[in-house]
Amino acid sequence: MATSDIGICNVSLGLIGAIPITSFSENNIRARACKIAYDSQTELLLSEHDWTFARRFAKINLVSHDPSTMPLLYDGYQLPVNCATPRDIDPPGSRNEWEIAGTLLMAPSSIYASVTTLGLYYTASDAPVGDFSGPFTELLTLAIASKIAYPITQDRVLASELRNEYRGYRMESWEMSANIGKTYKSHDERYENDTFVEPTL
């Protein structure tokens, strides 16, 4: 399995029958296309799924109180700089309302009155390549290949086939990842922790 950004891109290049690269700084279309696709697709894939290798927990601090931001009174908590996507707030599985506004997590003042820090589960944008799981690496390889196929080969059929393969593997990779580390999610599965469900007596 590829363990570097160049290694991942070279697997993608192999899928389209192109010559490998040694650096993104090479003066050719392969290096330029790979650099653009690697950055954009890594960011996209990290954002759209709760990958366990990129899951982080941090305490976030209250930084603003802006009643005009939402219909209710909301307080703003600063998101971590490496936050790709917020997933859940502490306590685990909380069903309390919260929204994202720019770099702030907005939480209702009526619920979190006097709370100066909140716990946040999130997906990190800076997870090291060496930490990427097998399913993520495979999906990223296909995503990059589907993006660079036409610019490099001018083969529309190949590009279409790679897009279809990527779409087919996408849900499969999510399912594999979802079976690992469900600690904070399992909190929601117990009715006594769900504010929307009344226990059956």
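Atom CZ of residue Arg167 and atom CZ of residue Arg163 lie 6.0 Å apart, to the nearest 0.5 angstrom. For the atom pair CG of Leu104 and CD of Gln78, the computed distance is 5.5 Å after rounding to the nearest 0.5 Å. To the nearest 0.5 Å, atom SG of residue Cys9 and atom CG of residue Leu13 are 7.0 Å apart. Note that OG of Ser40 and CD1 of Ile144 are 8.0 Å apart. Values are rounded to the nearest 0.5 Å. A distance of 13.5 Å separates NZ of Lys35 from CD of Glu26, quoted to the nearest 0.5 Å. Between Leu79 atom CG and Ile100 atom CD1 the span is 4.5 Å, to the nearest 0.5 Å.
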Is there a side chain to side chain contact (heavy atoms under 4.5 Å, CB included) between Leu142 and Leu15 once you walk through the steps? CA-CA 8 Å; Leu142 289 168; Leu15 291 175; 4.1 Å; yes
Test side chain to side chain contact (heavy atoms under 4.5 Å, CB included) on Leu139 and Tyr166; report intermediate values, then the result. CA-CA 7 Å; Leu139 185 64; Tyr166 162 75; 3.4 Å; yes
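The same ILVMFWY cluster, assembled from side-chain heavy atoms under 4.5 Å apart, contains both Ile16 and Tyr169. Put simply, Leu62 and Ile60 are part of the same group of oily side chains (I, L, V, M, F, W, Y) that touch within less than 4.5 Å, one to the next. Tyr150 and Ile152 sit in two unconnected hydrophobic clusters of ILVMFWY residues. Membership requires side-chain heavy atoms under 4.5 Å apart, directly or through other members.
Within 6.0 Å of the CD atom in Glu43, the count of heavy atoms belonging to other residues, nucleotides or ligands does not exceed 12.
In this structure, Thr85 and Leu46 have side chains that are not in contact, with every pair of non-hydrogen atoms separated by 4.5 Å or more. Within the 4.5 Å cutoff, side-chain heavy atoms of Leu140 are placed close to those of Thr42. Taking 4.5 Å as the limit, every side-chain heavy atom of Leu162 sits out of range of all side-chain heavy atoms of Lys147. Side chains of Thr123 and Ser47 form no contact here, defined as non-hydrogen atoms less than 4.5 Å apart. Thr22 is not listed as a side-chain neighbour of Ile6, based on a closest heavy-atom distance of 4.5 Å or more. No side-chain heavy atom of Thr3 sits under 4.5 Å from any side-chain heavy atom of Val129. Between Phe132 and Ile8 there is a side-chain heavy-atom pair separated by less than 4.5 Å.
Under the 3.5 Å distance criterion, the side-chain polar atoms of Ser160 are left unmatched by any main-chain donor or acceptor of Val157. Between the side chain of Asn10 and the backbone N or O of Ile21, at least one donor-acceptor pair lies under 3.5 Å. Checked by atom type and distance alone, the side chain of Trp51 never pairs as donor or acceptor with a backbone atom of Ser133 at under 3.5 Å. Side-chain N or O atoms of Ser125 include one that pairs as donor or acceptor with a backbone N or O of Asn82 at under 3.5 Å. No donor-acceptor distance shorter than 3.5 angstrom exists from the side chain of Arg56 to the backbone of Leu120, with no hydrogens or angles considered.
In this view, Tyr122 satisfies the ring pair (Phe, Tyr, Trp, His ring centres under 6.0 Å) rule with no residue, not counting sequence neighbours. Checked against ring pair (Phe, Tyr, Trp, His ring centres under 6.0 Å), Phe57 has the following partners two or more places apart in sequence or in another chain: Tyr121.
Counting all heavy atoms, side chain and backbone alike, Ala31 lies closest to Ser23 at CB-O, 3.6 Å. Contact detail for Ile89 and Trp98: the closest heavy-atom pair is CD1-CD1, 3.6 Å. Considering all non-hydrogen atoms of both residues, Glu48 and Arg87 come closest at C-NH2, 4.1 Å. Minimum interatomic distance between Pro151 and Ile29 (heavy atoms only, all atoms of both residues): O-CD1, 3.3 Å. Of all the heavy atoms in Phe136 and Leu45, the pair that sits closest is CE1-CB, 3.5 Å. Closest heavy-atom contact between Ser4 and Gly7: OG-N, 2.9 Å.
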